[in-house]
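Structure first, commentary second.
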Amino acid sequence: MLDIIICEDNGMERSKIESIIKEEIVNLINGTNIALSTDNPKDVINYLKKNLGKCFIYFLDVELVNELNGIELAKVIRNYDSKGYIVFITSHAEFSLLTFKYKVQAFDYILKSDNKGLQSSILDCLNEAYKDYKSIDILEKEKISINLGNRIEKFPFEEIMFFETTKVNHKLCIHTIKGHFEFYGKMKDLEDELPSFFYKAHRSYLVNTTKIKSFDKTNKTIYMVNDEACYASLLYLKGLIKNV
Amino acid sequence: MFDLTFSLIYLFILSVNLGIIVFNVSSMKITKQSIIILTIIMFAVFFLSNNYHKDQLIVPITTIIIFIYLCLLFKKKYYALLTTLYAQLIFAFGDSIAGAILLFIFRIKYYDIVNDPKIKLITAFLILIVCYFLSRVSRRIIKNNYLMKQIKINAKKVSLLGSSLIVALICLYSYAISLKAIFNNGDKGLISVNLFFIFSFFTLIFILTYLNYKNIKKDLEQEFTNKELAQFKQHASVLEDLSNDLRSFRHDYFNILQTIGEYIKLKNMDGLEEFYYKELMPESKKILERNRSYTLLDQIKIDSLKGLLSSKIISAQTKNINVSIEITETINGLQINILDICRIIGILFDNAIEATILCENKAIKFIVIKNNDSTSFIINNTCLENTPPIHKIYERNFSTKGINRGIGLKTIKNILIERYNNVTLNTSINDCIFTQELIIIDN
């Protein structure tokens, strides 16, 4: 099950976090415990080396006074455990969660405030992490992971409208309900990876057929549920109509 | 019949030649289709004027047609004019070089060049080759020059250049017509004198154009430095304010310690508690949270980018927008031209300001993240709930309040398409947060 690793160099803070977690663990799914609680980032790395392939929840102090600070430690952790849940704990909010998310795909970010706030934040984190961990196997099948150059983002099929080629070689653009994202890849690889309801309606469009709202035959234009338009070519038209 | 075929091929080569020159000279992208259409139009013009023996009209007519065609294509008068004139000049230049080669190296008589269809064809081929190389060379010169891109923005400055080119073309044209009459006599001495004139004329035009280019470039650079300097002054004054803040905080700090000391001396714990929670905490919080992130800008070591960011942030703050900056690493070099990154970030920031200003809670977050092999600039801002979806924003001429916001994003896309295959732009709206993200991947 999902075990917990703590790295915090302030002894008082660490025991506070430990006790909060121990208290909460009882109420959560059994079989979980604190695998490691330390003030030294090296211990964490050594422990991970011995437990490759396992997935953990991490509580890391951002301002570790060590060769490695919390963010650097998280970077190393990512080499061993790409799916784990990293939660940062910090005393002052110089950076927001967004920065941590972009840098190391952090899961959450807790401010060291009074005891009560800390307790409820930790509890929230644990709950969210477990919920995510349990649903991960089901959801993973309905998402595609795409390397955006600075991070890997998972796009649920449910949100994708279509993929489009751009004027730049090998640069593709994914159009989702939220926006446009560019990345490098090949249409062919996407076609192979995605389920069959993604249909290549045109040399430069791979369309999510479950998200088509209407189709204009004379202009060969496909309108998606968010009113975004893309195009079909005569060659693939028949297959498209059959597929929808 | 045979003659007709030859002369048709001859005309065809000439029109292809013009098409190729225009394609090579233009620093804005022209699609192959539009070049083919242009070539066909040229061919028709050549054919008609040849048919009615109005050869002297070819140059003015083609000049006007190319100009109009490019105008329609680019929607930029000055740029179309310059390209047209350059194309025509290169054609004329290539023509005279080819003529010189045939006359002096291959010792072919001028009479034959004009009247023998086979030699005419060879001449046309030679002109094609010479013009191709000339236009390639000039394209390289222009491409390396940042100026051509600036012309698109700063068109009025090239009116001088444009008019001098027009005069040059007209002179050359009338000169060429009178030359033809002289050449028919076949006096070699006269011909070489005339060729010498043409060559020196071209050299002069080239030098003049080059000097003109340099001047414009200098002007633009001056303008840029002035702007940069103004931005730095602004940046310095903000830093000064911050350090003044700190000085007054120091002063306050001393007073605070004294007050606490008084409470302790009197063992007035209740009073101390009240002072701590009611006055000290809220006040220090305000000081600690104020403007702190602004100093993080110093992590950016690219001066012009820092200046631009500083001025954008200050202008946002004067509009009561809460701007927070998060930069975790020092940003040194970027794999993108500095002018381009400044322009792009400027547009992204303007977009953010424009969108968030309509909101109740005006806030912009600017984040720079450097990873092992990429640097990302992320700007996100609050926006209204009824903000249209991203694809609407990309549609031409779209804007939320009259200013051409969509054009901004389109401009960025065009810069990236034209020059960078290592930079991507992501835009999204999620829960009333509009995010623009520029990722520069190190090669």
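In what follows, chains are A, B, ... by sequence order, proteins preceding strands, each numbered from 1.
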Which bit of [X] comes within less than 4.5 Å of chain A, counting heavy atoms only: side chain, backbone, both or neither?
| X | value |
| --- | --- |
| Lys370(B) | backbone |
| Leu425(B) | both |
| Glu329(B) | side chain |
| Ile378(B) | side chain |

Looking only at heavy atoms, which two atoms of [X] and [Y] are closest? And how far apart?
| X | Y | value |
| --- | --- | --- |
| Thr424(B) | Glu182(A) | CA-OE1, 3.2 Å |
| Ile417(B) | Lys167(A) | CG2-CB, 3.8 Å |
| Gly149(A) | Asp373(B) | O-OD1, 4.3 Å |

Given side chain to side chain contact (heavy atoms under 4.5 Å, CB included), test Ser428(B) with His180(A) step by step and report yes or no. CA-CA 6 Å; Ser428(B) 59; His180(A) 297 174; over 6 Å; no
Taken to the nearest 0.5 Å, the spacing of Lys178(A) NZ from Asn426(B) CG works out to 13.5 Å
Hey, what do you get for OG (Ser376(B)) to OH (Tyr102(A)), rounding to the nearest 0.5 Å? 7.5 Å
Any non-hydrogen side-chain atom of Glu326(B) less than 4.5 Å from a side-chain atom of Ser96(A)? yes
Apply side chain to side chain contact (heavy atoms under 4.5 Å, CB included) to Thr328(B) and Lys103(A), showing your working. CA-CA 10 Å; Thr328(B) 46; Lys103(A) 287 206 78 72; 3.7 Å; yes
Between chain B and each of His175(A), Arg151(A), His170(A), count heavy-atom pairs under 4.5 Å; write down the option with the most. Arg151(A)
Quick one: which of Thr99(A), Val168(A), Ile174(A) has the most heavy-atom pairs under 4.5 Å with chain B, could you say? Thr99(A)
Which bit of Leu148(A) comes within less than 4.5 Å of chain B, counting heavy atoms only: side chain, backbone, both or neither? both
With side chain to side chain contact (heavy atoms under 4.5 Å, CB included) as the criterion, how do Phe181(A) and Thr427(B) come out once you've worked through the C-alpha distance, each side chain's angles and the decisive distance to 0.1 Å? CA-CA 7 Å; Phe181(A) 302 85; Thr427(B) 39; over 6 Å; no
Would one find more than 12 heavy atoms of other residues, nucleotides or ligands at under 6.0 Å from atom NZ of Lys186(A)? no
Count the heavy atoms of every other residue, nucleotide or ligand shown that sit under 6.0 Å from CG of Asp431(B), and state whether that count exceeds 12. no
Ignoring hydrogens and angles, state whether a donor on the side chain of Asn150(A) or Ser374(B) is under 3.5 Å from an acceptor on the partner side chain. no
Highest number of heavy-atom pairs under 4.5 Å with chain A among Asn422(B), Thr435(B), Ile369(B) belongs to Ile369(B)
Heavy-atom pair count under 4.5 Å with chain A, highest-scoring of His391(B), Lys365(B), Glu437(B), Lys413(B): His391(B)
